[in-house]
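Encoded as structure tokens, the structure appears first; notes follow it.
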Amino acid sequence: SSTAASSTVGGGGSSEISGVKKTSKRPKYSRFTQQELPACKPILTPRWVILTFLVAGVVFIPLGVICLFASQGVVEIVDRYDTDCIPTSSRNNMVAYIQGEGDKICKRTITVTKAMKHPVYVYYQLENFYQNHRRYVKSRNDAQLRSPKEEHDVKTCAPEDNVGGEPIVPCGLVAWSLFNDTYSFSRNSQQLLVNKKGISWKSDRENKFGKNVFPKNFQKGAPIGGGTLNISKPLSEQEDLIVWMRTAALPTFRKLYGKIETDLHAGDTITVLLQNNYNTYSFNGQKKLVLSTTSWLGGRNDFLGIAYLTVGSICLFLAVTFAVLYLVKPRQLGDPSYLSWNRSAGGLQ
Amino acid sequence: MVRSGSFSVDSSATHQRTPSRTVTLGHIQPQAPTYRTVYCNDRESNQPVRFKGNSISTTKYNVFTFLPKGLFEQFRRIANIYFLGISCLSMTPISPVSPITNVAPLSMVLLVSLIKEAFEDWKRFQNDMSINNSTVEILQDQQWVSIPWRKLQVGDIVKIKKDGFFPADILFMSSTNSDGICYVETANLDGETNLKIRKALERTWDYLVPEKAYEFKGEIQCEQPNNSLYTFTGNLVVQKQTLPLSPDQLLLRGCSLRNTEYIVGAVVFTGHETKVMMNAMNAPSKRSTLEKKLDKLIITIFCVLVTMCLIGAIGCSIVTDREDKYLGLHNSDWEYRNGLMIGFFTFFTLVTLFSSIIPISLYVSIEMIKFIQSTQFINRDLNMYHAETNTPASARTSNLNEELGQVEYIFSDKTGTLTRNLMEFFKCSIGGVSYGCGVTEIEKGIAQRHGLKVQEEQRSTGAIREKGFNFDDPRLMRGAWRNEPNPDLCKELFRCLAICHTVLPEGDESPEKIVYQAASPDEAALVTAAKNFGFFFYRRTPTMVYVRESHVEKMGKIQDVAYEILNVLEFNSTRKRQSVVCRFPDGRLVLYCKGADNVIFERLANGMDDVRKVTREHLEHFGSSGLRTLCLAYKDLNPETYDSWNEKFIQAKSALRDREKKLDEVAELIEKDLILIGSTAIEDKLQEGVPTCIETLSRAGIKIWVLTGDKMETAINIAYACNLINNEMKQFVISSETDAIREAEERGDQVEIARVIKEEVKRELKKSLEEAQHSLHTVAGPKLSLVIDGKCLMYALDPSLRVMLLSLSLNCTSVVCCRVSPLQKAQVTSLVRKGAQKITLSIGDGANDVSMIQAAHVGIGISGMEGMQAVMASDFAIAQFRFLTDLLLVHGRWSYLRICKVVMYFFYKNLTFTLTQFWFTFRTGFSGQRFYDDWFQSLFNVVFTALPVIVLGLFEKDVSASLSKRYPELYREGIRNSFFKWRVVAVWATSAVYQSLVCYLFVTTSSFGAVNSSGKVFGLWDVSTMVFTCLVIAVNVRILLMSNSITRWHYITVGGSILAWLVFAFVYCGIMTPHDRNENVYFVIYVLMSTFYFYFTLLLVPIVSLLGDFIFQGVERWFFPYDYQIVQEIHRHESDASKADQLEVENELTPQEARSYAISQLPRELSKHTGFAFDSPGYESFFASQLGIYAPQKAWDVARRASMRSRPKVPKK
């Protein structure tokens, strides 16, 4: 028997006894255990590389053109007013001016360079304002905004949590620092109405801010941070607050102020009467007023288009370069002489 | 027997003058000074002593200790401690993330690890239970009653039946065999399959039947439990009579009873106090080298983390301005008091925020991958299943899978590992004619290297095949030799084989049933050969040898011939020959001699130059085929010469001083003017496929060292046979058998001997090293090999010479160490492991390999053959040496590749993820605001990117298994560690930086301003979710890009992960929960998906982020291809043949003639080496003991003792 191999000559057949087992331990064949699952084995051959680049280029360039086209169709007027709206006399001490009493009305004139189809969106743009600061972002309580029952739940809102023991609704730094510059537009002395309805995302308006939650004790304590709220309107209708409270990702951000539901024509002069209330001066923030139309892709932002175009062109370029390289310095696929042990004659060491 | 012989000879060779035969497997434990008293058959009396029960437990935990102990084990891993710390930090207010971010992954990881531990422990528990519940018969009230093992108590009288295992250490009282002996197999203890004999005290022989045994009241006084397997001292007090006990009466747990119907004994040690359990050692847990390098990587990542946090902290302390009204900072805020404080606290804030840079799930993922690799792939590989012994491969640890892919040095035992320890008569040469048409493994190997397909042999019909005989040539069989040119010489050869030996026949005197007991398997093979040639040696008395001869006078005639043995001139290592003087029934006096070729040739009579020349050619041919050769010669003596010589012989034999030397001298007088008969060639049967395997492994850049207890000639012979050494190699031989050393030894001064040997070794080493370096500098110099023996090795391992030995041996492609002790095996292994920092693997099958197996990085035990000791100490167990090819080249290589990729991927993935966070930090005034939602962040690792990487770790294959074996050179990428170098890390890090920048910058830049036609803008959480989505896609698709083999599981997991993210986002963004969170991401995904922007970005960003890697991979493959890539390309059009098909193909047969012809046509150099065979260890002591010369004997002797005892020893005349 073959098991004889395992016993020594002198041993006298001991292992035959132990070797005979009824149950076979032979592993069952399965593709999984034998590691033979059917598989696709892509090899990044030059042909594939070139083809991939080609396809990427061919797909991306038109997409880039489309994006760029959409972006270019958008008319956008930006007017920075933070410094200009401070009277020259107060420019040495802008913070004192902005914190002082009295109307801080400022009149700006904007010329429409290209016709703008309605609706024309009005944005304010803040720069160097860290709405994404850790301390700032967390200083709010969504539960309180949603339901009047939670109004005492202000522990996350420090330092704007209560006034004299009474909870602030809406609490927290975000609400407290509500942007409160206001704009009114007129064209040829004719008032352009700003529609402030529907400037916030519907989901915010309908679910995150309660219909029966009213502001309480808001901006009562010292110091006053920003805008005040109409205490008779529920939070769900305070769209400025809703917009503001969707904190921005970056320290430069735009927020929707309202919509002008009239077409603006090229050459129109728009007069903006603005209340310059918001203090960005203490941290060198900038304030800008933006009028913009939109395309299906949103506002004016060439980035996507340019990115698509650039990447597409790079891909095409690479495709060509690789193709040339492939022709000039071809490497035969699977040339055994490339194997390291064939390259260094003698192989080992 | 031979194996055990080598064991004992080894230890006596190294520890020359230590006669101790104590062999333990672990450390010897100090023995308690007291002794234990066991009252046999009397449970009440034993009660007060409270001996331990017989139940055993090998589990790590129990129900109560599981949680604390298991958790403690988990927190020994530094990464877990780190995450525990981070979790604690995230409970504090300085944390930007909620505790869930860190606690969730940590608990998940711990949970998985604990489940795994529990599962493994459960299996151990079940195993214990099945052992504890196996039954044994004990004596109760005059009858045998079956009880489970665990209920067995010290002092019980037990009955063990044939083939049963001993449940405890038992004092042997009586057996069914007439003279109180029983046969025991100790394979589980020491790996020896030959049977040991135990002998009961005569006083207890009668207590066999229950009625009688019931009367037995004895008292055993013996040593306390200890772990020395081969010692036992004690007394048995029966009826006021004190009888000494020895190991001969002790039956150890773990052994089994053989060839004895049943025995009765008294339990002495139970459960954990048995010798085998006391010897149970916990195999030192080994960590793979890759894992150690991984630690370095983790530390590097940690440094990166600290740097990132420092940058952030410094930035924050500079940027933070208390005038930022909207931050509502007051002096009352303790954390914002001054720049230093801000920096300090921000640092820890950022540590919590960036903690994800250290991949928490890495270890647990790797563990899972390795676990599946070992249990599903290695254990179930059909290519590593050995049908004959019904043994599949078994990975006993899953820690070392990838280590198998980086092995550079293999240390192999010889007997049982490379060879089967099976000697077979294979060829012979008679009077200048070569007989035997078999093809050896080594010849097959040569043929294969020349591209010839070698098939299973087809034997001529009627060829006899039995153990020890694998000879096939119709010219000699069945009396056909009488028609050969030299029938007389044939007859002499057969007679020589049948007479000139010291074999003892056992059993029935029929050719089929007889069993030859020989000191060496060579001898048995030769006698078996004689039997098959028609000279059946069937009986031996001290003076006679009986041979049943057939076909001698005429065909078919059978007659029994009795030869009187007059003298036996023993074999020893200096004589290298053995002679017998015998008298034929007709009075003819003949001396038969067999021995090494050079020794015999020196002593031949003049003339016969032709035969001599041809025989020498044959010897060389045999040698080069890897066969062990012996030369046979005879000489007719005339009575007068003989009588005068015999007187001298008797004188020498009775000499009191220098008897051996004198005997040798006398032998010289008669062993001269011999007539050459021819030579025999014995195949030291290699394990199947060994030469091919070694050849493959060495092509893979692995250097193989053979460490054996055998003598130098044998070792070299095997090295030739295995293809480790060939004639093109330059050999350095450092042997203690030099004249200078022998001279010193004869003088006998220990200090002097040591000095001389050391000098000699040093000189040799120096010389060899110089030559080696010289030949290395010459172009295409010969490959080098080193042969060194144990005695020299002892000195070469001395600290002063170690460096020289190491640098010499590292330059050699193969090294053979012979006559080494188990300890030296381990020393050599550690020399390379520690000295050269190379990855080592040891493979062996016996108890003497245990130390070596444990010393190496990877220990492999040969299973299914002999004992379990090596297997128990090993990390992997395979049935055959040749399975190393599969284990290393396929499983090891793949594991290495996979684990490298998995580690790199984890590193890349977490770095990418954390870097987006880091870039964002720059735009938040370094405040440490988190970019992602808590749940997104915590699930990123454990859900959204968890499975594809595991699939990668399981199914990644660069080239198929068959190609891995066909191009063994691919393995060198593992030895060079090509896939886990800092260069590779740098590439991945670059890729991570690039991708994170693309994801972060592209999304944040493009999302500025209105994002849909109704002019709405995104907030922080919209942007971050957008980035997160891009990341999840990019990171998951990256898996496909880096895979060489994409199965449907890849698609499923990659698609599933992305889908899981979307589904999670849909659900998570769609619900509101009252308290635990701010609804930052409420409805975010729906908002995103309502814009065109989302889709355009989703197309652009992942593609751009993967473009960099794509270009890199394309360029790398094109201009700097890895070897495996070339191989892929070569075989790009081939589809994988299924293993099942391959196995079929291998069994295909083609005509044998074609093969034989093809092989005979091969160019082959004749070997300078004629493998002289006759030197199995244990040989000398065997004869020595017959002569009455003291030679150390094994404590547990072999069956041979029984056969000797059965024949009364009569002094020779």
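So you know, we letter chains A, B, ... as the sequences are listed, proteins then strands, and number each from 1.
Only the backbone of N379(B) comes within contact range of chain A, judged by heavy atoms closer than 4.5 Å. In this structure, chain A has heavy atoms under 4.5 Å from both the backbone and the side chain of L1099(B). Contact of T349(B) with chain A is made through the side chain alone, with heavy-atom distances under 4.5 Å. When heavy atoms are compared at a cutoff of 4.5 Å, V1011(B) approaches chain A by way of both its backbone and its side chain. Looking at S200(A), only its backbone comes within 4.5 Å of chain B, counting heavy atoms on both sides. With a 4.5 angstrom heavy-atom cutoff, S1043(B) touches chain A only via backbone atoms. Contact annotation for Y123(A): only side-chain heavy atoms (C-beta onward) come within less than 4.5 Å of a heavy atom of chain B. Heavy atoms closer than 4.5 Å to chain B are found nowhere in L145(A), neither backbone nor side chain. Only the side chain of V311(A) comes within contact range of chain B, judged by heavy atoms closer than 4.5 Å. If you measure heavy-atom distances from L44(A) to chain B, the contacts under 4.5 Å come from both the backbone and the side chain. In this structure, no portion of E76(A) lies under 4.5 Å from any heavy atom of chain B. If you measure heavy-atom distances from N284(A) to chain B, you find no contacts under 4.5 Å at all. The part of V1104(B) that comes within reach of chain A is its side chain, from C-beta onward, which places non-hydrogen atoms under 4.5 angstrom from that chain. Both the backbone and the side chain of F129(A) come within contact range of chain B, with heavy atoms under 4.5 Å apart.
Closest approach of F60(A) and I1103(B) over heavy atoms only: CZ-CG2, 3.6 Å. Closest non-hydrogen pair, L954(B) versus Q35(A), comes out as O-OE1, 4.0 Å. Here the shortest heavy-atom pairing between T294(A) and S1013(B) reads OG1-O, 2.6 Å. Among all heavy-atom pairs drawn from P27(A) and R380(B), the shortest one is CB-O, 3.4 Å. Taking each heavy atom of R134(A) and Q929(B) in turn, the nearest pair found is CA-OE1, 3.2 Å. The two atoms that bring F1002(B) and A307(A) nearest to each other are CE2-CB, 4.0 Å, heavy atoms only.
Remark: W1049(B) CH2 is loosely packed, at most 12 non-hydrogen atoms of other residues, nucleotides or ligands lying under 6.0 Å away.
Note: W296(A) and F1096(B) have tilted aromatic rings, judged against thresholds of 30 and 60 degrees for the angle between ring planes.
Between chain A and the options G1114(B), S1007(B), G928(B), heavy-atom pairs under 4.5 Å are most frequent for G928(B). Between chain B and the residues V49(A), I306(A), L250(A), V174(A), the most heavy-atom pairs under 4.5 angstrom are made by L250(A). Ranked by non-hydrogen atom pairs under 4.5 Å with chain A, the options V890(B), V1023(B), D1022(B) are led by D1022(B). Interface summary for chain B: among L256(A), L37(A), V290(A), L333(A), the most heavy-atom pairs under 4.5 angstrom belong to L333(A). Interface summary for chain B: among S177(A), P38(A), S203(A), the most heavy-atom pairs under 4.5 angstrom belong to S203(A). Ranking F322(A), Y338(A), Y121(A), Y326(A) against chain B, the residue ahead of the rest is Y121(A), based on heavy-atom pairs under 4.5 Å. Contact tally against chain A (heavy-atom pairs below 4.5 Å) for F931(B), Y1122(B), F1119(B): the top residue is F1119(B). The greatest number of non-hydrogen atom pairs below 4.5 Å with chain A, out of I1126(B), T1047(B), T1097(B), D1123(B), is found for D1123(B).
Remark: the backbone N or O of A39(A) is not paired with any side-chain donor or acceptor of K957(B) at under 3.5 angstrom.
For the atom pair W1118(B) CH2 and T45(A) OG1, the distance stands at 9.5 Å (nearest 0.5 Å). Rounded to the nearest 0.5 angstrom, Q376(B) CD and T33(A) OG1 are separated by 7.0 Å. The structure places OH of Y385(B) at 8.5 Å from NZ of K25(A), a figure rounded to the nearest 0.5 Å. Between W1021(B) atom CH2 and T247(A) atom OG1 the span is 7.0 Å, to the nearest 0.5 Å. Atoms CG and OG, from D302(A) and S1006(B) in turn, are 12.0 Å apart once rounded to the nearest 0.5 Å. In this structure, CH2 on W201(A) lies 14.5 Å from OH on Y1082(B), to the nearest 0.5 angstrom.
At least one side-chain heavy atom of E1129(B) sits under 4.5 Å from a side-chain heavy atom of I43(A). Side-chain atoms of Y1093(B) and N301(A), non-hydrogen and from C-beta on, never get closer than 4.5 Å to each other. Annotation: side chain of L304(A) is not in contact with side chain of F1092(B) (no heavy-atom distance under 4.5 Å). Proximity of R976(B) to S340(A): side-chain heavy atoms (C-beta onward) are separated by under 4.5 Å at one or more points. For the pair I1130(B) and P336(A), the minimum side-chain heavy-atom distance is below 4.5 Å. Two residues are said to be in side-chain contact when any heavy atoms from C-beta on lie closer than 4.5 Å; R246(A) and V1087(B) meet this criterion. The side-chain heavy atoms of L1107(B) and F53(A), taken from C-beta on, include a pair separated by under 4.5 Å. For the pair I1046(B)/K41(A), no side-chain contact is recorded, criterion being any heavy-atom separation below 4.5 Å from C-beta on.
Remark: aromatic rings of F1008(B) and F303(A) are distant, center separation not under 6.0 Å. A ring-centre distance under 6.0 Å is found for F32(A) and F955(B).
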Q. After noting the C-alpha distance and the side-chain angles of K208(A) and F1083(B), does the key distance pass the side-chain contact (heavy atoms from CB on, under 4.5 Å) rule?
A. CA-CA 10 Å; K208(A) 289 183 85 170; F1083(B) 232 69; over 6 Å; no

Q.
Set out, in order, the CA-CA distance, both residues' side-chain angles and the distance that settles side-chain hydrogen bond (donor to acceptor under 3.5 Å, both in side chains) for N132(A) and T924(B), then state yes or no.
A. CA-CA 6 Å; N132(A) 58 10; T924(B) 64; 5.2 Å; no

